[in-house]
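See below for the structure under consideration.
All of these numbers come straight from a predicted model, not from anything done at the bench.
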Amino acid sequence: QVQLVESGGGLVQPGGSLRLSCAASGSIKSINAMAWYRQAPGRQRELVAGITSGGSTNYANSVMGRFTISRDSAKNTVYLQMNSLKPEDTAVYYCNANIVPITQYGSYAFWGQGTQVTVSS
C-alpha cells in the first residue's frame, strides 16, 4: 500500500512564505513525476508545479518566480517553497505522484489528503 502525507500548510499574511512537504511511503519500487496541485473554493483543481525524476520542473504562470518545487529522492519527498504569497494563493494544496508499486505492474497516480493554505491579513 502506498501513502502520500502532506504537511506545512497554515495561515500566513500576504507577502509571507510557507514550505509544503509531501512524503511517499509504503511498497514503492520507484517514483516518476511528482507534483503539487491546488483547489480553491468553487474552482477546479489546477496544477501548480511539477518535477520529473530527472529534476526537470514546470510551473503554472501564476506562481512562476514565487514558488519552487524540489524533491529528495532518497526520502521519497517533494517540497513546495512558496514565497511572496498572495490572497489568491489560498486553496487546499494536494500532492500527486506517479508511483510504481513493488507488487504491481505499471505506474499509478497517487494523491495526498490535502493541506490548507490560507493567505490573509
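Grouping Ile, Leu, Val, Met, Phe, Trp and Tyr by side-chain contacts under 4.5 Å, direct or through others, puts Leu47 with Tyr37, Val92, Tyr94, Trp111. Cluster note: Leu11 groups with no other residue, as no ILVMFWY side-chain heavy atom lies under 4.5 Å from it. Using a 4.5 Å cut-off between side-chain heavy atoms of Ile, Leu, Val, Met, Phe, Trp and Tyr, Tyr105 forms no hydrophobic cluster with any other residue.
With a 4.5 Å cut-off on side-chain heavy atoms, Pro101 and Gln1 do not count as touching.
Counting only residues at least two apart or in different chains, ring pair (Phe, Tyr, Trp, His ring centres under 6.0 Å) contacts with residues 1-28 are absent. Annotation: ring pair (Phe, Tyr, Trp, His ring centres under 6.0 Å) contacts involving residues 41-73, sequence neighbours excluded, are absent. Identified under the disulfide (SG to SG under 2.5 Å) test for residues 12-42, with sequence neighbours left out: Cys22-Cys95.
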Validation: residues 76-88 side-chain donor-acceptor distances under 3.5 Å, sequence neighbours left out:
residue : atom : partner : partner atom : Å
Thr77   : OG1  : Lys75   : O            : 2.9
Gln81   : NE2  : Asn83   : OD1          : 2.9
Asn83   : OD1  : Ser17   : OG           : 2.9

Residues 114-121, side-chain donor-acceptor partners within the protein, below 3.5 Å, at least two apart:
residue : atom : partner : partner atom : Å
Thr115  : OG1  : Gly9    : N            : 3.3
Gln116  : NE2  : Ala91   : O            : 3.4
Gln116  : NE2  : Thr118  : OG1          : 3.3

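Qualifying side-chain hydrogen bond (donor to acceptor under 3.5 Å, both in side chains) partners for Glu46, counting only residues two or more places apart in sequence or in other chains: Arg38. With sequence neighbours excluded, no residue satisfies side-chain hydrogen bond (donor to acceptor under 3.5 Å, both in side chains) with Asn96. In this structure, the side-chain hydrogen bond (donor to acceptor under 3.5 Å, both in side chains) partners of Arg66, at least two apart in sequence or on a different chain, are Asp89. Residues meeting the ring-ring contact (aromatic ring centres under 6.0 Å, His included) test with Phe110, sequence neighbours left out: none.
The distance from atom OG of Ser53 to atom CD1 of Ile31, rounded to the nearest 0.5 Å, is 10.0 Å. Distance check, rounded to the nearest 0.5 Å: CE of Met64 to CG of Asn58 gives 8.0 Å.
A side-chain N or O of Ser107 and one of Asn98 form a donor-acceptor pair less than 3.5 Å apart.
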